[in-house]
Amino acid sequence: MTDMQVNPSFRLAYVPGVTPSKWARVWGERLPDVPLDLVAVPAADGERTLREGTADAGLVRLPVDRDVLSAIPLYSETTVVVFPKDHWLAAADEVALADLADDVVFHPLDDTLGWTDLPGRPAIERPATTADAIELVAANVGVLLVPQSLARLHHRRDLTYRAVVDAPQSQVALSWPQEQTTDLVEEFIGIVRGRTVNSSRGRGAAQAAAEPKTAGQPKKSAQSKKAAPPRKPQLQKSGQQKPKPRPAAAKRGKPKRRS
C-alpha cells in the first residue's frame, strides 16, 4: 500500500507560538493532492500527541523522548520577560536574570523553558497556563519569562517585554514517531530543511522523477558547430542604377615654371 492509501491526508501538530504557514504553503505547491491538516495542541501536549498517533509529525518544543521520537531542531527563540508598561524594567534595553531578584516571577505549568533555578521570588502557586500567567502580570502581581513568540501571541496593550540576555532558550523542532518515517514525513522534512523538489527524498521527488522532461532542441557542442559560410555578394537588381564611381583624386605635381 502506498502512503496515499494509508494516509489520505498529512496531519501536522503545532504548539503555541509556532507558525507553520510558510511550510504549509510549500506543501500545497508540491503535493496539492494530499491535504495538510494542521492540528493546534497545547505546549505540554506536543509529545503526547505524537506518541498516541494523533498526528503524523509535529512542530514541538524540545526536549522530547528520543527513544520513541525522532527530532530535527529547527531554531532557538530569544527569551523575554513580560511586565506592565509602567514597570521600571521598561527603561532598560535588555534585562539580566539578576535584575529580577525583587520581582515575583511566575512559573506556569505549561512552561517551555525548563528552569532548574527560577530567578526572582516564587509566586504563591503556579498558574495553570501561560495565558493565566499573562493575566496575573497584567494585574501587576509579577512578571513572566517566555519565548518571544509567546509574548507576541499573548500581546496586550498594557504589557511589554524585553530580551533577557542570560536566560535559557526554547528550541523548536520537527518531531515524529521513529517507526513512522513515511514518504510523507520525508517530504515534510525536505520542506523544513529547504530542499528543492529534485533533492527531496519523499513522494514529491518520486513524482518529479516520473514526469517526462520538457522536449527541446539539444544544445550543440562547440565542436559540432560548423563555421558559417561566407556571405555571397548581393547581385544588382535590374532597373537599379549602378552607383557612379568616385572621380579619382588629381595627382599633385611640381608647378610648371613660367618661361
Side-chain angles (χ1 to χ4, degrees), residues 2-80 108 110-115 129-130 146-154 167-209:
T2 65
D3 280 336
M4 276 298 298
Q5 293 171 321
V6 176
N7 295 320
S9 65
F10 187 72
R11 298 158 297 173
L12 179 70
Y14 67 99
V15 296
V18 178
T19 52
S21 55
K22 61 180 179 181
W23 296 311
R25 182 175 63 254
V26 177
W27 178 278
E29 294 170 353
R30 294 190 184 179
L31 292 94
D33 57 333
V34 182
L36 178 64
D37 296 335
L38 299 178
V39 183
V41 298
D45 293 344
E47 180 175 341
R48 181 177 60 82
T49 299
L50 298 176
R51 293 171 70 106
E52 294 178 355
T54 307
D56 300 297
L59 297 168
V60 300
R61 296 186 185 275
L62 296 179
V64 296
D65 186 353
R66 294 297 186 98
D67 292 333
V68 180
L69 303 177
S70 296
I72 299 174
L74 300 178
Y75 59 89
S76 296
E77 285 198 65
T78 298
T79 298
V80 301
D110 62 354
D111 172 67
T112 60
L113 296 175
W115 293 99
T129 65
T130 297
V146 290
Q148 187 171 4
S149 64
L150 291 182
R152 291 173 175 170
L153 179 66
H154 296 288
Q169 295 182 329
S170 175
Q171 272 193 311
V172 174
L174 173 65
S175 184
W176 68 95
Q178 290 182 4
E179 297 180 356
Q180 298 296 325
T181 308
T182 63
D183 285 347
L184 293 179
V185 170
E186 288 283 7
E187 190 69 38
F188 200 81
I189 292 171
I191 290 173
V192 299
R193 283 185 162 174
R195 295 181 192 150
T196 62
V197 174
N198 293 332
S199 63
S200 181
R201 303 174 187 171
R203 179 176 174 273
Q207 287 182 339

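Residue numbers start at 1 and run along the sequence shown.
Minimum interatomic distance between Asp37 and Ser9 (heavy atoms only, all atoms of both residues): OD2-OG, 2.9 Å. Pairing each heavy atom of Gly53 with each of Arg11, the nearest pair is O-NH1, 3.5 Å. Of all the heavy atoms in Leu62 and Ala71, the pair that sits closest is CD2-CB, 4.2 Å. For Gln169 against Thr78, the heavy-atom pair with the smallest separation is NE2-CA, 4.1 Å.
The structure places CG of Asp65 at 5.0 Å from CZ of Arg51, a figure rounded to the nearest 0.5 Å.
Contact of the Pro16 side chain with the Leu150 side chain is registered, since non-hydrogen atoms from C-beta on lie closer than 4.5 Å. With contacts defined as side-chain heavy-atom distances shorter than 4.5 Å, the pair Leu184/Val34 qualifies. Side-chain contact between Val185 and Phe10: present, with at least one pair of heavy atoms (C-beta onward) separated by less than 4.5 Å. You'll find the side chain of Leu12 stays beyond 4.5 Å of the side chain of Val39, heavy atoms only. Residues Leu113 and Ser170 are in side-chain contact: their nearest non-hydrogen atoms beyond the backbone lie under 4.5 Å apart. Gln178 has its side chain out of reach of Val68: every pair of non-hydrogen atoms, C-beta onward, lies at least 4.5 Å apart.
Between the side chain of Ser175 and the main chain of Ser70, a donor-acceptor pair closer than 3.5 Å is present.
Heavy atoms of other residues, nucleotides or ligands lying less than 6.0 angstrom from CD of Glu179 number 12 at most.
Aromatic ring pairs are classed by plane angle as parallel below 30°, tilted from 30° to 60° and perpendicular above 60°; the pair Phe188 and Trp27 is tilted.
There is a side-chain donor-acceptor pair under 3.5 Å between Thr130 and Asp110.
Applying the side-chain contact (heavy atoms from CB on, under 4.5 Å) test between Trp176 and each of Ile189, Val60, Val64, Leu50 identifies Ile189 as the sole match.
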